[in-house]
Amino acid sequence: MKRRLRAVYRRLHAAHGPQHWWPGDTVFEIMAGAVLTQNTAWTNVEKAIANLKRAKALSPGSIARATHRELAGWLKPSGYFNIKAKRLRAFCVWLLAQGGARRLARWSTPKLREALLSVHGIGPETADDILLYAFQRPVFVIDAYTRRLFGRLGVVRGDEPYEVLRGEIEKRLGADVPLFNEYHALIVAHAKDVCRPKPRCGHCALGSLCPSRSESWLLQIHKSADRNPRGN
DNA sequence: ACCCAGGGTCATA
DNA sequence: TATGACCATGGG
């Protein structure tokens, strides 16, 4: 099964190329983006981050000091702005209390993960985004796309609890930060560019690895594919 | 006029 | 432990 995971990775990488994740100029921008992109299109997050930059507020101190109305106003384009204002502030307050990211970088991965999860508004996926993309820890991020893709490929069932799924994938791939970084980004890229026919494989980026290739069914990993089941 | 996005929290059962 | 409601903008 480890080979299969590697094969899928190679197909995605060949089709989409390096993704250069996480987008962001600083470690803090990466962490803030991880909170703001919760159930939200990245294009909307970019607008919110641009607002923060324009207001010179893209720092833990500025955000912690800002009023709720001010902060929510900057975050408006990213949606859920009232909730995200609270979450981002809670994260910044916590970050300042810990003495900043430089200090946190010395923590062990399990301890850092547990600490992140204790912050209001930081769930498993957001914590893992931060661990992998801001702290370069070998943590495989599990999102809805990952569940559906690996589930449909038969690598896993797909309905396992988050921790179980993460543990399985990490065990099979082996701790590898650059690989985890690229893999998760490629799965998202695959979702955006939903298996459009590529010259390379004739069907979708996964080519012969797609379980439904014979029906020329494109291996979608969006929710909508759940309602039009066509693959196995 | 739908559908849904690089989720998480909280209240119920 | 496992559902369901809720949060909200913007692009297809």
Side-chain angles (χ1 to χ4, degrees), chain A residues 9 12-13 16-24 29-52 68-69 71-94 113-135 137 139-151 157-166 169 179-196 205 218 220-229:
Chain A
Y9 173 80
L12 292 175
H13 192 273
H16 302 289
Q19 300 299 305
H20 308 294
W21 269 32
W22 185 287
E29 184 174 338
I30 291 171
M31 299 191 289
V35 172
L36 297 181
T37 198
Q38 289 171 358
N39 201 41
T40 301
W42 181 253
T43 51
N44 286 358
V45 177
E46 288 180 312
K47 293 170 185 171
I49 290 178
N51 286 342
L52 291 170
H68 176 80
R69 281 182 85 70
L71 184 52
W74 293 326
L75 303 187
K76 186 162 300 181
S78 73
Y80 305 124
F81 49 83
N82 281 316
I83 282 181
K84 284 177 179 173
K86 290 178 189 170
R87 291 182 182 176
L88 191 54
R89 185 198 312 287
F91 175 70
C92 289
V93 167
W94 171 80
R113 188 167 198 277
E114 189 180 7
L116 284 166
L117 289 173
S118 74
V119 180
H120 178 85
I122 307 282
E125 187 179 338
T126 305
D128 291 344
D129 278 334
I130 292 173
L131 287 167
L132 176 60
Y133 294 105
F135 290 98
R137 304 304 174 91
V139 169
F140 198 96
V141 179
I142 305 295
D143 64 349
Y145 294 148
T146 305
R147 286 180 179 281
R148 294 185 203 124
L149 177 63
F150 289 162
R157 282 186 316 137
D159 61 344
E160 297 89 339
Y162 187 99
E163 291 303 308
V164 175
L165 203 42
R166 182 172 71 87
I169 303 301
L179 175 68
F180 291 0
N181 177 317
E182 203 61 25
Y183 211 146
H184 175 60
L186 284 169
I187 290 172
V188 175
H190 180 70
K192 287 182 183 170
D193 187 24
V194 194
C195 299
R196 289 212 190 82
L218 306 180
Q220 284 197 42
I221 54 179
H222 293 269
K223 277 189 192 171
S224 51
D226 289 332
R227 286 188 234 95
N228 301 349

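Letters A, B, ... are given to chains in the order of the sequence lines, protein chains preceding strands, and every chain is numbered from 1.
In this structure, A:Ile130 atom CD1 and B:dG6 atom C1' are separated by 13 Å, rounded to whole Å. Between the NE2 atom of A:His16 and the C1' atom of B:dG6 there is a distance of 15 Å, rounded to whole Å. The distance from atom CZ of A:Arg147 to atom C1' of B:dG7 is 12 Å, rounded to the nearest whole Å. Between A:Tyr145 atom OH and B:dG7 atom C1' the separation is 12 Å, expressed in whole Å. Put simply, CG on A:Leu36 is 14 Å from C1' on B:dA5, counting in whole angstrom units. Taking atom CD of residue A:Glu46 and atom C1' of nucleotide B:dA5, one finds them 13 Å apart after rounding to whole Å. Atom P of nucleotide B:dT9 and atom OH of A:Tyr162 are separated by 13 Å, given to the nearest angstrom.
Contact annotation for A:Pro161: no contact, since no heavy-atom pair falls under 4.0 Å across all strands.
Separation of the C1' atoms belonging to C:dG11 and B:dA1 is 14 Å when rounded to the nearest angstrom. Rounded to whole Å, the P atom of B:dG8 lies 22 Å from the corresponding atom of C:dG10. Remark: the separation of the P atoms in C:dA5 and B:dC4 is 16 Å, to the nearest Å.
Both A:Asp143 and A:Val119 sit near DNA chain B, but only A:Asp143 has its closest nucleotide nearer the 5' end.
Put simply, the side chain of A:Asn181 gets close to the backbone of A:Trp21: a donor and an acceptor are under 3.5 Å apart.
Stacking between A:Trp21 and the base of B:dG6 is present: ring centres sit under 5.5 Å apart and the planes differ by under 30 degrees.
In this structure, CZ in A:Phe140 is found 14.5 Å from CG in A:Leu131, a value given to the nearest 0.5 Å. In this structure, CZ in A:Phe81 is found 12.0 Å from OG1 in A:Thr40, a value given to the nearest 0.5 Å. To the nearest 0.5 Å, the span separating CD on A:Gln19 from NE2 on A:His13 amounts to 8.0 Å. With rounding to the nearest 0.5 Å, the separation of CG in A:Leu165 from CZ in A:Arg147 is 5.0 Å.
With respect to A:Asp128 and A:Arg137, no salt bridge is recorded, no charged nitrogen being found less than 4.0 Å from a carboxylate O.
When all heavy atoms of A:Pro124 and A:Leu117 are compared, the pair lying nearest together is N-CD2, 3.6 Å. Residue A:Ala115 comes nearest to A:Trp94 through the heavy atom pair CB-CZ2, 3.9 Å, listed as atom of the first residue, atom of the second, then distance.
Across all strands shown, B:dA1 remains unpaired; no Watson-Crick or G-U wobble contact has both distances below 3.5 Å.
The closest side-chain heavy-atom distance from A:Tyr80 to A:Arg87 is not below 4.5 Å.
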Item to check | Sugar-phosphate or base contact per nucleotide [nucleotides 4-12 of chain C; S, B, -; heavy atom under 4.0 Å] | outcome: ---BBBSS-
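Within the 4.0 Å cut-off from OP1 or OP2 of B:dG7, not a single side-chain nitrogen or oxygen of A:Thr37 is found.
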Next on the checklist: Using side chain to side chain contact (heavy atoms under 4.5 Å, CB included), reason through A:Leu12 and A:Tyr183 one step at a time and then give a plain yes or no.
Outcome noted: CA-CA 8 Å; A:Leu12 292 175; A:Tyr183 211 146; 4.2 Å; yes
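A heavy-atom distance below 4.0 Å to DNA chain C is reached by none of the residues of residues 180-188 of chain A.
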